Amino acid sequence: MAGLRSLLVCIVVVAATIVIPTSAQLSASFYNRVCPQALPAIRRVVKQAIFREPRIGASLLRLHFHDCFVNGCDGSILLDDTSSFTGEKTAFPNANSVRGFDVIDDIKNAVDKACKGSVVSCADILAVAARDSVFLLEGPLYQVQLGRRDARTASLNDANRNLPPPVFSFSQLLSNFQAHGLDLTDLVVLSAAHTIGLARCGTFRARIYNDTNIDPNFAASARQNCPSSGGDDNTEPLDATTRRFDTIYFKSLLQQKGLLHSDQELYKNNGTDSDKLVLKYSRNPFAFARDFSASMIKMGSIKPLTGNDGEVRLNCRKIN
């Protein structure tokens with residue numbers, strides 16, 4: 001298994017380095033000269049956090065996704081509300097849901113100490129922490145493009161508008177991803193981030209009580225921990241191996257065991273291109289690792305602030 005993973009890492013890093021188009025001002029070597037200790041410092045803190053609570057890996061990955069889908073990968077999701085703007089933390093898709101802010105604070109403190117100053121942006125910390133979470137939970141290792149700067153504002157309304165909810169249909173999901181410059185392959189492989197982590201009852205209640213394209217035994221089991229009313233914060237694993245980044249997510253969709261309505265929308269067993277991708281990735285972990293890595297790099301390049309735009313925050317929760 002170790003040899004298999006080593007080969008997988010090699011394939012993914014090489015593929016990501018060669019074929020993935022990214023913002024011209026982002027570079028995997030951005031901190032090599034100014035602070036070569038930056039990335040190792042981030043990984044140490046992420047590793048410690050996952051050791052304490054494996055679920056936090058999924059939370060850090062989700063933070064990066066929810067950051068990038070709202071006005072680009074600019075660290076805006078980390079900002080607390082101020083007198084001049086209401087931030088994204090209390091938006092409907094984020095409230096009582098996104099988590100891991102304390103780990104980001106720990107990373108920022110560790111990186112600033114390693115770099116002897118505030119050199120690494122909070123937006124870059126999110127991107128690297130997401131990558132390291134995937135890797136530390138047995139997923140692929142890919143090269144993160146770096147050089148993002150941090151936004152000086154955030155928008156509750158934009159978060160409510162841009163983040164796809166778990167009740168979306170397939171056409172709504174695809175339109176949402178296309179609006180961010182992503183395509184069908186990106187939608188399918190990035191949705192598979194749900195191979196790790198948990199979901200709250202309130203996000204899947206309608207699926208397990210109302211949907212018909214669901215395995216009845218799977219639905220009955222989920223209902224035991226998610227009553228028809230109340231218990232919104234009770235959690236269920238998103239797939240059967242919630243602490244391992246693997247292809248079980250896709251195999252679950254083939255069995256109509258997707259926990260979220262939006263997940264099962266990717267596979268309807270009617271020969272669509274989405275169906276074909278789910279089937280492909282369920283059978284080919286190498287293809288999944290390669291394409292997931294490519295899509296993460298692509299997503300991480302959505303409208304970054306670079307050059308003199310934005311700032312490098314001293315505290316990820318507030319502007320300088």
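Here the structure is a predicted model, which means the values were calculated and not measured.
- Closest heavy-atom contact between C226 and Y209: O-OH, 2.7 Å.
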Let's go through I319 and L79 carefully: what are the C-alpha distance in whole Å and the side-chain angles of both, what is the deciding distance for side-chain contact (heavy atoms from CB on, under 4.5 Å) to 0.1 Å, and is it a yes or a no?
CA-CA 8 Å; I319 60 176; L79 289 172; 4.1 Å; yes
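- Note on L305 and L26: separate hydrophobic clusters, where clusters join Ile, Leu, Val, Met, Phe, Trp and Tyr whose side-chain heavy atoms are under 4.5 Å apart, directly or indirectly.
- D232 places no side-chain N or O within donor-acceptor distance of the main-chain N or O of G202, the cut-off being under 3.5 Å.
- When side chains are defined from C-beta on, L137 does not count as touching R244, because their heavy atoms never get closer than 4.5 Å.
- N284 and R290 share no side-chain donor-acceptor pair at under 3.5 Å.
- Counting only distance, with no hydrogens or angles, the side chain of R313 and the backbone of C122 share no donor-acceptor pair below 3.5 Å.
- The shortest side-chain heavy-atom distance between I77 and V70 does not fall under the 4.5 Å cut-off.
- V45 and V119 fall within a single hydrophobic cluster, where Ile, Leu, Val, Met, Phe, Trp and Tyr side chains are chained together by heavy-atom contacts under 4.5 Å.
- The pair D233-R200 meets the salt-bridge criterion, since a charged nitrogen lies less than 4.0 angstrom from a carboxylate oxygen.
- No single ILVMFWY cluster, assembled from side-chain heavy atoms under 4.5 Å apart, contains both L173 and I214.
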**Prompt:** Checking ring-ring contact (aromatic ring centres under 6.0 Å, His included) for the pair Y249/Y267: CA distance, chi angles, key distance, verdict?
**Reply:** CA-CA 11 Å; Y249 169 84; Y267 185 80; over 10 Å; no
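- Side-chain contact between K251 and R283: absent, with no pair of heavy atoms (C-beta onward) separated by less than 4.5 Å.
- Within 6.0 Å of CZ on R317 lie more than 12 heavy atoms contributed by other residues, nucleotides or ligands.
- With rounding to the nearest 0.5 Å, the separation of CG in N71 from CD1 in I302 is 11.0 Å.
- For R99 and S59, the side-chain atoms include at least one donor-acceptor pair closer than 3.5 Å.
- In the model, S274 has no side-chain atom that pairs as donor or acceptor with a side-chain atom of K268 under 3.5 Å.
- Heavy-atom minimum distance, S282 versus T247: O-OG1, 4.1 Å.
- Taking a 6.0 Å sphere around CG of N270, one finds it holds more than 12 heavy atoms contributed by other residues, nucleotides or ligands.
- Note on ring orientation: taking the six-membered ring where Trp is involved, the planes of Y281 and F250 are tilted (angle from 30° to 60°).
- One hydrophobic cluster, built from ILVMFWY side chains closer than 4.5 Å, cannot hold both L198 and L60; they sit in different ones.
- The CG atom of N234 sits 12.5 Å away from the CD atom of Q224 when rounded to the nearest 0.5 Å.
- No side-chain donor-acceptor contact under 3.5 Å links R148 to the backbone of S121.
- The CG atom of N32 sits 11.0 Å away from atom CZ of F30, with the distance rounded to the nearest 0.5 Å.
- A side-chain donor from one of S76 and D74 sits under 3.5 Å from a side-chain acceptor of the other.
- For the pair F292 and F245, the minimum side-chain heavy-atom distance is below 4.5 Å.
- The shortest non-hydrogen separation linking V278 to L266 is CG2-O, 3.7 Å.
- Checked for salt-bridge contact, R207 and D263 miss the test: no charged N lies under 4.0 Å from a carboxylate O.
- Side-chain contact between R55 and T242 is absent, with no heavy-atom pair separated by less than 4.5 Å.
- In this structure, I56 CD1 and Q48 CD are separated by 13.5 Å, a value rounded to the nearest 0.5 Å.
- Side chain to side chain, D81 and T86 fail the donor-acceptor criterion of an N or O pair below 3.5 Å.
- Note on D105 versus K108: no salt bridge recorded, every NZ/NE/NH1/NH2 to OD/OE distance being 4.0 Å or above.
- Inter-residue side-chain proximity for L78 and D150 is flagged as unmet; no heavy-atom pair is nearer than 4.5 Å.
- Rounding to the nearest 0.5 Å places CG of N320 at 4.0 Å from CG of L314.
- A salt bridge is absent between E311 and R149; no separation between the charged side-chain nitrogens and carboxylate oxygens falls under 4.0 Å.
- Looking at F218 and Q256, their side chains never come closer than 4.5 Å, going by heavy atoms from C-beta outward.
- Judged by distance alone, the side chains of H194 and D239 never bring a donor and an acceptor atom under 3.5 Å apart.
- Taking both residues in full, the closest heavy atoms of C201 and G231 are given as CB-O, 3.1 Å, listed atom of the first, atom of the second, then distance.
- In this structure, the separation between OG1 on T241 and CD1 on I248 is 5.0 Å, given to the nearest 0.5 Å.
- Between S133 and G57, the shortest heavy-atom contact is CB-O, 3.4 Å.
- Between the side chains of Q145 and S301, not a single donor N or O lies within less than 3.5 Å of an accepting N or O.
- Between R62 and S97, the side chains place a donor N or O and an acceptor N or O closer than 3.5 Å (distance only, hydrogens not considered).
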Between D309 and R152, does a side-chain contact (heavy atoms from CB on, under 4.5 Å) hold up when you go through it step by step? CA-CA 10 Å; D309 293 333; R152 294 191 177 101; over 6 Å; no
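- When each of T185, D183, D186 is paired with S295, the side chain to side chain donor-acceptor pair (under 3.5 Å) condition holds for D186 and for no other.
- Each of L156 and F101 belongs to its own hydrophobic cluster when Ile, Leu, Val, Met, Phe, Trp and Tyr are linked at side-chain heavy-atom distances under 4.5 angstrom.
- Less than 6.0 angstrom separates the ring centroid of F177 from the ring centroid of F69.
- N162 has its side chain within reach of H180: a pair of non-hydrogen atoms, C-beta onward, lies under 4.5 Å apart.
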With side-chain contact (heavy atoms from CB on, under 4.5 Å) as the test, would you mind laying out the steps for I50 and D132 before giving the verdict? CA-CA 10 Å; I50 290 176; D132 287 350; over 6 Å; no
Could you walk me through whether V312 and V120 satisfy the side-chain contact (heavy atoms from CB on, under 4.5 Å) test, starting with their C-alpha distance in whole Å, then the side-chain angles of each, then the deciding distance to 0.1 Å, before giving a yes or no?
CA-CA 7 Å; V312 176; V120 181; over 6 Å; no
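- The two residues D211 and H261 have their closest heavy-atom pair at OD2-ND1, 2.8 Å.
- Under 3.5 Å, the side chains of S169 and Q172 contain a donor-acceptor pair of N or O atoms.
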